[in-house]
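One is the number of the first residue; the rest follow in order along the sequence. These numbers were taken from a predicted model, which means no experiment stands behind them.
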Amino acid sequence: MDLSIIIVNYNVKHFLEQCLCSVQKAIVNPGLKAEVLITDNNSSDNSIEYLQPKFPFVKFIQNKENNGFAKACNQALALSTGKYILFLNPDTIVPEDCFAKCISFFDKHADAGALGIRMIDGSGKFLKESKRAFPDPFTSLYKLFGLSKLFPRSRTFGKYHLEYLDENKNHEVDVLAGAFIMVRKDVLEKTGSFDENFFMYGEDIDLSYRIQKAGFKNYYFAESSIIHFKGESTRKTSLNYVRMFYSAMAKFVHKHYGSNKAGFFNFLVHIAIWIRAIFSGIARFIERIGLPLIDACFILLSFFIAKIIWSDVKPQIRYVDQMLLIAFPLFTFMYLLVAYYAGLYDRKYKRPRLIQSTLVATITLLAAYSLLPETYRFSRAIVLIGAALSFVLISLLRRVLMNMDVLRDSNMEDIHPKTLLAASPVEYEKTLQLMKEAGLQERVIGRIGVDNTDKMAVGDWKNIKTLTRDIAFSEIIFCEGALSFRDIIEALQQLPENITAKFHASGSNSIVGSDSKDASGETLTIENGYKLADPYNRRLKRLVDILFSFFCIITFPIQLFLVKRPLAFLKNCFSVLFANKTWVGYATEEKYLPPLRNGIIASNGIPLSQRQQWPQESLRMSDQWYARDYEPANDLKLLWKVYRHSSR
């Protein structure tokens, strides 16, 4: 056996699908004798069930818990038979000639113990971690305190990523990235494989160090490039990432530099870790928790300023402070509640959602205001001025946070997406059908030809830069087939900065992409076609659950005479209210539908406590239609239908 390819998977089945399509081509085209072993670390996205039928040549190892990267690699290594071992990340795409070129390099360099490769991210940018130095005390401190960013070309301060070495030439380096490490099997027999004390991060540095200590060399190989999307299993900006990565670095220093020599360094490393963790934590707090709190302060401030302004306009009117101290917090709560359900606190900021939430909240407040007794009313002008002022302040806050990269503005990409498919006519139709199933066909505005004789296309894939002058588009989906993976990787590096890219391998059922190395990527599949997969619709479903449960609880004395089993009904109300159940759920345990809590009523309107008379296939279709076409009104109709029958 020439090559054993080992991949560890954790909840990235669609990225792994694209990876395996490229791996298969890189094995078959040069005629390598190779095997592929995948260790699944207890994924919850049904990875094995989805991938196994598509890739029968792959040997899957299924763990019942997440054992970490190092241990999972070692599990597969114990079963491998290849002369060379390749540890490969699941969120990668390799060109067809990649493996053959790497093995050829080994044949020409007898001193090579292991080899890494030139990597680019999903937007075509070179990934600096493709070549690194060992994190000795000073090199690590230069990185931790930001000096490597200030002086990247310095042989002293920029040593961590070896940025003074030409990325397009082969070099002997210290550290190989765990995303792609090809090692001689006999070298691993001498050095041992990954140290399982490293759960995630640092194990590649440790193995690279031991390979050098055994008398072999580590090489950075620039004659081929792979795509490494990054960020798929762990967000690089997360507090957990900062803690795990720098703790692994400290563990490496302690292991190989000794406790006495590394003591002071470890002290400084932990200080740096805490500094990075604090900044990361602040950013996460603002994004997830602090943002609503800051908005609340802005809204409260806006209403009090509005009251001051209107008091100057109408000095004859006096407002009771106690009433305002109650009304303004209620107004603020109303605005935040509407903003949440409008999606204002989703990962990506969308200005239309701020406008929508402000309008809905203001109209709701004005409607509620008109129902108040005359003695409790104050001027509508305060509501309108407060709403306008809060809108301005929150908009300015979002702009500041986007400039600081705490939030990302997704207005253009989500509201006016313009996508070109780089595909042959046949591939175009197949990919367009996949986009339709995902409910995203409106993105597609045309096709880029893969053959310069193609007169029906809007342009040629080799001249993408010139297309930007004539066609307004923001995204390209590269369809592998007529275009090779190698062609796609080369084209990706020529894309203008404002154009994002996605990838679709021939025979796959997904499209993947990532335009940032620090964030999770995007997958387009038939699963995107389910309305219930949209966070906005899921929030609306939860809102229906809460409102219906709350209404039934406060009217329970009436329900005693209307429903057949009032105590069981009340128990269900509380179960739904506390998010243990949902009123309308699935009739079957279909794994590929958007997840829901256990339901009380099935999607066909029959209580799940009763025996389902429908055939299993009919129940599955009912669940699929429910998830695909979800509307809050559907839940209310089903609830009314069941409630009406239960009250007879």
**OP:** Search all heavy atoms of Y586 against all heavy atoms of P594 and return the closest pair with its distance.
**Re:** OH-O, 2.6 Å
Original post:
Of all heavy-atom pairs between A602 and L608, which one has the smallest distance, and what is that distance?
Top reply: CB-CD2, 3.7 Å
Original post:
Between N89 and T92, does any side-chain donor sit less than 3.5 Å from a side-chain acceptor?
Top reply: no
**OP:** Give a yes or no on whether K25 atom NZ has more than 12 heavy-atom contacts from other residues, nucleotides or ligands under 6.0 Å away.
**Re:** yes
Original post:
When rounded to the nearest 0.5 angstrom, what is the spacing between CG in L37 and OG in S80?
Top reply: 6.5 Å
Original post:
Taking all non-hydrogen atoms of both residues, which atom of K541 and which atom of L532 are closest, and how far apart?
Top reply: CD-CD1, 4.0 Å
**OP:** State, to 0.1 Å, how close S508 and Q18 come at their nearest heavy-atom pair, and which atoms those are.
**Re:** OG-NE2, 3.0 Å
Original post:
Is the backbone N or O of A387 less than 3.5 Å from a side-chain atom of S390, with the two atoms forming a donor-acceptor pair by type?
Top reply: yes
Subject >> Donor-acceptor pair, side chain of H504 and main chain of S510, under 3.5 angstrom >> reply: yes
Original post:
Would you say Q75 and N67 make side-chain contact, with heavy atoms under 4.5 Å?
Top reply: yes
Original post:
Under 4.0 Å between a Lys/Arg side-chain N and an Asp/Glu carboxylate O for K531 and D629?
Top reply: no
Subject >> Between F87 and F180, ring centroids under 6.0 Å >> reply: no
Original post:
With side chains defined as the heavy atoms from C-beta onward, is the minimum distance between D635 and Y630 less than 4.5 Å?
Top reply: yes
Subject >> Residue pairs, two or more places apart or on separate chains, that pass salt bridge (Lys or Arg N to Asp or Glu O under 4.0 Å) and touch residues 596-610 >> reply: none
**OP:** Would you mind reporting whether D91 and V512 have side-chain heavy atoms less than 4.5 Å apart?
**Re:** no
Original post:
Distance from I476 atom CD1 to L421 atom CG, nearest 0.5 Å?
Top reply: 10.0 Å
Original post:
Under 6.0 Å between the ring centres of F569 and F556?
Top reply: no
Original post:
Crowded around F57 CZ? As in, over 12 foreign heavy atoms under 6.0 Å?
Top reply: yes
Subject >> Side chain proximity check, F485 to C21, heavy atoms < 4.5 angstrom >> reply: yes
**OP:** Look at the rings of F578 and F574 and say which category their plane angle falls in: under 30° parallel, 30 to 60° tilted, over 60° perpendicular.
**Re:** parallel
**OP:** Please check if the side chain of S47 supplies one atom and the backbone of S43 the other of a donor-acceptor pair under 3.5 Å.
**Re:** no
Original post:
How far does CD1 of I38 sit from CZ of F60, to the nearest 0.5 angstrom?
Top reply: 4.5 Å
Original post:
How about K54: does its NZ atom have over 12 heavy atoms from other parts shown lying under 6.0 Å from it?
Top reply: yes
**OP:** Kindly compute the distance separating CG (L547) from OG (S549), expressed to the nearest 0.5 Å.
**Re:** 9.0 Å
**OP:** May I ask you to say whether R620 pairs ionically with E617, meaning some side-chain N is under 4.0 Å from a carboxylate O?
**Re:** yes
**OP:** For residues G585 and D623, report the shortest heavy-atom separation together with the two atoms involved.
**Re:** O-OD1, 4.5 Å
**OP:** Report the residues that fulfil side-chain contact (heavy atoms from CB on, under 4.5 Å) with T332, sequence neighbours left out, ordered by chain and then residue number.
**Re:** A296, I299, L300, L336
**OP:** Would you check if E631 and N634 make a side-chain contact, meaning some heavy-atom pair closer than 4.5 Å?
**Re:** yes
**OP:** Dump the intermediate steps for salt bridge (Lys or Arg N to Asp or Glu O under 4.0 Å) on K418 and E475, then the final yes or no.
**Re:** CA-CA 6 Å; K418 296 180 180 179; E475 179 182 69; over 6 Å; no
**OP:** Rounded to the nearest 0.5 Å, what's the gap from CZ on R565 to CG on N572? Could you check?
**Re:** 8.5 Å
Subject >> Ionic contact status for E522 with R443, cut-off 4.0 Å >> reply: yes
Original post:
Distance from N9 atom CG to T39 atom OG1, nearest 0.5 Å?
Top reply: 9.5 Å
Subject >> Donor-acceptor side-chain pairing of W625 and S603 below 3.5 angstrom >> reply: no
Original post:
Aromatic ring centroids of F503 and F229 under 6.0 Å?
Top reply: yes
Original post:
Can you find a side-chain donor-acceptor pair between Q624 and Y530 that sits under 3.5 Å?
Top reply: no
**OP:** Taking atom types as modelled, find out whether N41 and N63 have a side-chain donor-acceptor pair closer than 3.5 angstrom.
**Re:** yes
Subject >> side chain to side chain contact (heavy atoms under 4.5 Å, CB included) partner of C19, chosen from V94, V36, L88 >> reply: L88
